[in-house]
Amino acid sequence: MFQWKLWGTDMDSFDIVDKVFENATKGNRLIKNSDVLKLDYIPNKILYRDIQTEKIASVLSPVLNMIKPSNLFIYGKTGTGKTMVTKFVMKALEGKKNNDKIIISYINSRTSGTIYRVLSDIALSLKIKVPFTGLSVSEVQKRIFSYLKENEIRLLLVLDEVDFLVNSPLKKDAGNDLLYELTRYGSYADSNSFISIIGISNDIKFKDYLESRVYSSLHDEEVFFTPYSVEELKDILKERANIAFIDNAITDDVINLIAARSGGEHGDARRAVDLLRVAAELAERENAKKIEIRHVQEASKNMEQDKVSEAISSLPIQEKLVLLTIVSLQDTENTGHIYIKYIKICENLGIQPLTQRRVSAIINELDMLGLISAPVINRGRYGRSKKISLALDKSTVIKTIKEDETLKSLNL
DNA sequence: CTTCCACAGGAATAGGGGGTCC
DNA sequence: GGACCCCCTATTCCTGTGGAAG
C-alpha cells in the first residue's frame, strides 16, 4: 500500500480505482457469462439458419470419405451468420474426421490484407513456415502445393470475405489468379490430395469481379444468407441474454430496442449482439440493477465514436492533414479549394505538401473509409470535380487528430 | 451543336523500408 | 553481398468527361 503513495499524492484517484476494482470483484454483476456475447461465439443451436447449415454440411460431407467436395460459395450481408454457420460446420467436421490428412483452414481475406498474406496464412495453417515478407507470391504457392501433394493433404479452405481479394482494380488480376490457381490445384495433383474452396462474400456483386474461368470452376454450389428480420433478431438476443446475464437483468423493451436499432435495416446480428454487450458493460460499470434504454443509447453512441477514432488514428500523417483541411472548412467544397487550403496548412506546419493528384487519391481513400463524402459532380462549364464534405461529427475528428504527435501543436 | 472548364483517375515509375535466398 | 521480393507512399504525365455557357 505505501508503495502506491510514493508514485503520486493523489489519493482521490486511488480511491476511485479502488472502488472500481471492488465493484468488479464482488459488486453488482449483471453479466455472468460474457463468452456468449463475443463476436466469435458459436452457439450450439443456431437460430433460423437450419437450411443453410444443412446445405453447407451436405456439400462438405464427402470429405469424410476422402472425396473432394464441390467448391462452395456463400453469400450474404454482414451479420447474417455466414461465418458462424461455416465455423459451426467446420467444428463439427473437425470432430467427425478421424484422419489427419484432412485439414480445414479458415482464412479471413480482409484481416490478412493482401494476396501474399492470404497465402502465407494458408501456409501457416498447414504448419509450413513462411516468412511474412521476402518471398514471391508464386514461391509461397509452390511451397503450399508441394506440401499438400507430398503429405497427401485434403484441404478444405474457407476464404472469408473473399470479395476483398478481387474487388479493387488494383489487385483484381492477382486475386483472380490466386483463386484460379487454387481451384486448379486438383488438376496437377493426383487424387490423393485436393483443395476445396469455401468462399464467403458479403458482396452479392462479387461474381462480377471474377473472371469467367474462375467463376465457372468456383461456383459448383451456392448458399444464400438472408438478413435477419427484427423478430428473428429479438429471439437471438433473448437467447444470448438468457445465458449471458443474471435473472431480470434485461427487459423485453430493451431487447426490442436493440433489435430494432441494429437490425431494422440490415438484419445485422453481429451489430445487435455487440450493442447488447456494450450496453451491458456500461450498465454494470455504473452498478445499475438492470440494463436500461439509456444504456443502449449511450452504448450506441460510444461504439460509433470508437469506430471513427480508430479509423482516424491509424491514418498516415498526410491523410490526417487532408482530413484536417476538410474539417476546417464549413460547407462542401471542391477539390481545387481543398487543395489550396491544404497547401496553406502544410506551409504553417512546415510540411512539404503533396501533389494534387495524390491529394485527390487521398480524398478517395477517406471517402472509402466513410469519413467523408466525396461524390463526383459536374458543373458543366465550371468543370468536373468532387463535392467534398465531412461525413461525421466535427469534434470527434478534431479530438482524434489532436492526438497525433506532429499535429498536436496545432490549436484547433 | 460545339466548346471548354476543372478536374477525375489510369499508367508508369521511383524510392525507401521491410525481408529472403543463394 | 547481390538479386529479388512485397508494401506503401508519392510523383509525373497523361487521356477522358458531363453539361452550362456561348
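- Distances shorter than 4.0 Å separate some side-chain N or O of A/Asn334 from OP1 or OP2 on B/dC7.
- A salt bridge links A/Arg277 to A/Asp274: at least one charged side-chain nitrogen sits closer than 4.0 Å to a carboxylate oxygen.
- The listed nucleotides are B/dT3, C/dT9, B/dG9; the one nearest the side chain of A/Lys386 is B/dG9.
- In this structure, of B/dT20, C/dG19, B/dA8, it is B/dT20 that holds the atom nearest to the side chain of A/Pro131.
- In summary, A/Lys142 and A/Glu139 engage in a salt bridge, as defined by a charged side-chain N under 4.0 Å from a carboxylate O.
- Closest approach to the A/Arg381 side chain among C/dA10, B/dT20, C/dG22 is made by C/dG22 (side chain taken as heavy atoms from C-beta onward).
- Nucleotides of DNA chain C nearest to A/Leu135 and A/Arg379 differ in position, and the one nearer the 5' end is that of A/Leu135.
- The side chain of A/Tyr116 has C/dC7 as its nearest neighbour among C/dC7, C/dA20, B/dA8.
- Using a 4.0 Å heavy-atom distance criterion, A/Gln356 is classed as a sugar-phosphate-only contact.
- For B/dA8, the OP1/OP2 oxygens have a side-chain nitrogen or oxygen of A/Ser360 closer than 4.0 Å.
- For A/Lys82 and A/Tyr75, the positive end is not near the middle of the six-membered ring at less than 6.0 Å and at most 45° from its axis.
- When each of B/dA8, B/dT20, C/dT9 is scored by its nearest atom to the side-chain atoms of A/Arg358, the top-ranked nucleotide is C/dT9.
- The phosphate of B/dG9 (OP1 or OP2) has a side-chain N or O of A/Asn364 nearer than 4.0 angstrom.
- For A/Gly336 and A/Arg357, each mapped to the nucleotide of DNA chain B holding its nearest heavy atom, the one lying further toward the 5' end belongs to A/Gly336.
- Contact between the side-chain N/O atoms of A/Thr335 and the OP1/OP2 oxygens of B/dA6 is not found at any separation under 4.0 Å.
- Contact annotation: A/Arg384 side-chain N/O to B/dC7 OP1/OP2 distance is not under 4.0 Å.
- Distances from the side chain of A/Thr355 to the nucleotides C/dC6, C/dA20, C/dT11 place C/dT11 closest.
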Verify salt bridge (Lys or Arg N to Asp or Glu O under 4.0 Å) between A/Lys234 and A/Glu231, making sure each step is shown before the conclusion. CA-CA 5 Å; A/Lys234 281 181 195 169; A/Glu231 288 305 315; 3.1 Å; yes
